[in-house]
Amino acid sequence: MIICKSREEIYAIKLSNQIVAKILAELKKMIKPGVQTKKLDEYAEMRSKEMDAIPAFKGYRGYPASLCTSINEEIVHGIPSSRTLREGDILSLDFGVIYDGYYGDAAVTYPVGEISPKAKKLIDTARQAFYKGIGQMKEGRRISDISFTIQSYVESQGFSIIRTFVGHGIGLSLHEEPQVPNFGQPGRGPKIKPGLVLAIEPMIAIGDWQVEILSDNWTAVTRDRSLSAHFEHTVALTQKGIEILSEVDEKESLSYLKESQYA
Ligand code: MF3
Ligand code: CO
């Protein structure tokens, strides 16, 4: 069942996502060669507490940390550790919180120092694929129109779409219906209408799309160990159009959040 959200609920989901956005922006500044990924996790957890939010991933199906840190050929669900970042790495951060009962979820891939032109193009393509995909979030389109658009764009750039992981409805839980695959034929699945809130999250690779799970039972890597990038935002379709809830909104400050323009 797809849970259609009211204006008030979309606003509450936005507050949660603004916390995610702020913490991801702060983490970006910490990314440097020599930094241990567990330091990023500790920071994300500490800042969540300061903002009265609960990290959404910790304990989710037994996931052991607040943040996912996936380096290079790691696609998603990389577990923060004492491993240090190195110049030229690419680092995907995936983070979610619960604030006032509502969920936020976003991910981004950042360069560590100078990276190769190919790695840069991979990151840009994941981001662009997301924006192309949400261009289909219009009343009357269907979920797989998003999927098809993302896949077509990524493959046109010479990269592959990871098929094992999908985007999802979000709001009252981390994963709600519908699933939003990043590949497939257009014109299938539920119709898109106002009140729909989705986390859209293309994961792409330079090489093949096959996935392997490491022995920690979480870290997903490309089977051919080619580089992978991830980009995710929580997006709502409102009466006014699309709103990216997890993009930093300078006008929102958590102090006056409750009664701003949505009231
Ligand atoms: N953004 C990812 C997802 O929607 C994060 C889940 S990490 C987990 O699946 F640890 F919570 F599984
Ligand atoms: Co997600």
Side-chain angles (χ1 to χ4, degrees), residues 2-3 5 13-14 16-24 27 37-38 40-42 44-45 48 53-71 74-81 90-99 102-110 123 126-127 129-131 133-134 137 143 146-147 150 161-183 196-205 211-222 228-236 244-247:
I2 297 174
I3 305 168
K5 274 86 179 178
I13 298 166
K14 179 173 180 177
S16 179
N17 275 288
Q18 286 299 299
I19 294 172
V20 171
K22 194 162 192 353
I23 294 175
L24 283 173
L27 289 170
T37 52
K38 70 179 185 195
L40 303 173
D41 182 59
E42 285 162 13
E45 185 160 339
S48 301
I54 304 164
F57 301 167
K58 198 166 194 170
Y60 182 85
R61 299 185 179 206
Y63 185 73
S66 297
L67 183 69
C68 299
T69 54
S70 309
I71 303 171
E74 299 173 355
I75 302 159
V76 72
H77 302 162
I79 301 173
S81 70
I90 62 172
L91 171 68
S92 301
L93 297 180
D94 191 348
F95 187 54
V97 301
I98 312 165
Y99 179 72
Y102 293 89
Y103 282 77
D105 184 10
V108 60
T109 302
Y110 290 127
I123 292 175
R127 181 186 300 105
F130 163 84
Y131 285 102
I134 64 167
M137 264 183 93
I143 291 293
I146 302 171
S147 314
I150 290 175
I161 278 287
I162 302 296
R163 295 156 186 247
T164 313
F165 305 100
V166 298
H168 48 96
I170 180 169
L172 306 172
S173 351
L174 179 60
H175 295 137
E176 294 178 6
E177 284 181 36
Q179 292 199 349
V180 188
N182 296 302
F183 66 98
L196 184 67
V197 181
L198 299 175
I200 298 187
E201 47 180 320
M203 284 159 240
I204 71 172
V211 169
E212 202 176 294
I213 307 293
L214 298 184
S215 59
D216 62 16
N217 285 323
W218 277 103
T219 313
V221 298
T222 52
S228 174
H230 184 193
F231 193 83
E232 173 181 27
H233 273 306
T234 297
V235 183
I244 303 179
L245 305 179
S246 51
E247 218 161 48

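Because only heavy atoms are used, hydrogens play no part in the values below, and waters and symmetry mates are left out as well, while side chains stay in. First listed ligand is number 1; within each ligand, the first listed atom is number 1.
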For the residue pair [X] and [Y], establish whether any side-chain heavy-atom pair is separated by less than 4.5 Å.
X	Y	result
D105	D94	yes
I71	L91	yes
Y99	V20	no
H77	F165	yes

> Got the residues with a heavy atom under 4.0 Å of ligand 1, by chain and number?
Replying inline: F57, Y60, Y63, C68, H77, D94, D105, H168, H175, E201, W218, E232
> Taking all atoms of both residues into account, what is the closest heavy-atom pair of G104 and T234, and its distance?
Replying inline: C-OG1, 4.4 Å
> How close do Y110 and L24 get, heavy atom to heavy atom, and via which atoms?
Replying inline: OH-O, 3.4 Å
> Protein N/O/S atoms under 2.8 Å of the Co ion (ligand 2)?
Replying inline: D105 OD2, H168 NE2, E201 OE2, E232 OE2
> Between H175 and Y60, is the ring centre distance below 6.0 Å?
Replying inline: yes
> Between N182 (side chain) and E201 (backbone), is there a donor-acceptor pair under 3.5 Å?
Replying inline: yes
> When you look at CD of E42, are more than 12 heavy atoms from neighbouring residues, nucleotides or ligands closer to it than 6.0 Å?
Replying inline: yes
